[in-house]
Amino acid sequence: MKLGIISFTNNGLELSKRVAESLMENTGIATSVYTKCSLVKTHDTKTNAVFVEKSIADWTKEQMQEKNSILFIGACGIAVRAIAPNLTDKLHDSPVLVLDEQGQYVIPLLAGHYGGANELACLAADILQAIPVVTTATDLEGKFAVDVFAKKNNCHIFRMKEAKEV
């Protein structure tokens, strides 16, 4: 899994670095840090962040086409608007998460089960001592989720309707 983290403020950039370093050290997840923060231009080796010159919509489209996970550090509205044109279905969408710029809440928005966004949200929350805001009913009720089972056992779901019936 590759994770692209995008931030919009100085504080968001600092959180990006913390999450990226910890995920790489503790899980081996390949992470790239991007920013729209005006303090970083092109590639800043001090922060190891890449300034995104293209629009957030174009950057997001590129990340999703490459099947990368995405962590937006900022408002949910920014993430929703950026991902909306690129959505296909729950078996093919990239995992997308949002972290508020104070580092208090991590919200998996898309591909929570099959894509692993819920698990990634919990990992990021552990790193930051934040609260993962997981909203999927099976997680909240501690029930079996066929898509989580499939992912953990390297199985593929070909017919979602039947999978939901399980």
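Quick caveat, the model's predicted, so the values are computed rather than measured.
- Residues meeting the side-chain hydrogen bond (donor to acceptor under 3.5 Å, both in side chains) test with T27, sequence neighbours left out: none.
- For S69, the side-chain hydrogen bond (donor to acceptor under 3.5 Å, both in side chains) criterion is met by no residue, not counting sequence neighbours.
- For N11, there are no side-chain hydrogen bond (donor to acceptor under 3.5 Å, both in side chains) partners at least two apart in sequence or on another chain.
- By the side-chain contact (heavy atoms from CB on, under 4.5 Å) test, S32 is found to be paired with Y34, residues two or more places apart in sequence or in another chain being considered.
- Scored by the side-chain contact (heavy atoms from CB on, under 4.5 Å) test, A121 finds L97, V106, P108 as partners (sequence neighbours excluded).
- F8 and F72 have parallel rings, their planes meeting at less than 30° on a 0 to 90° scale where 60° marks the start of perpendicular.
- Side chain of S94 to main chain of N68: a donor-acceptor pair is present (N/O by atom type, distance under 3.5 Å, no hydrogens or angles).
- D126 meets the side-chain hydrogen bond (donor to acceptor under 3.5 Å, both in side chains) test with no other residue; sequence neighbours excluded.
- In this structure, Q63 and V96 have side chains that are not in contact, with every pair of non-hydrogen atoms separated by 4.5 Å or more.
- Scanning for side-chain contact (heavy atoms from CB on, under 4.5 Å) contacts around V80 gives L109, with sequence neighbours left out.
- Judged as a side-chain contact (heavy atoms from CB on, under 4.5 Å), and not counting sequence neighbours, the contacts of I127 are S22, L23.
- Sequence neighbours left out, the pairs with a member in residues 60-87 that pass salt bridge (charged side-chain N to carboxylate O under 4.0 Å, His left out) are K54-E62.
- Under the 4.5 Å side-chain heavy-atom criterion for grouping Ile, Leu, Val, Met, Phe, Trp and Tyr, I131 is connected to V98 within one hydrophobic cluster.
- The CD1 atom of I73 sits 5.0 Å away from the CG atom of L99 when rounded to the nearest 0.5 Å.
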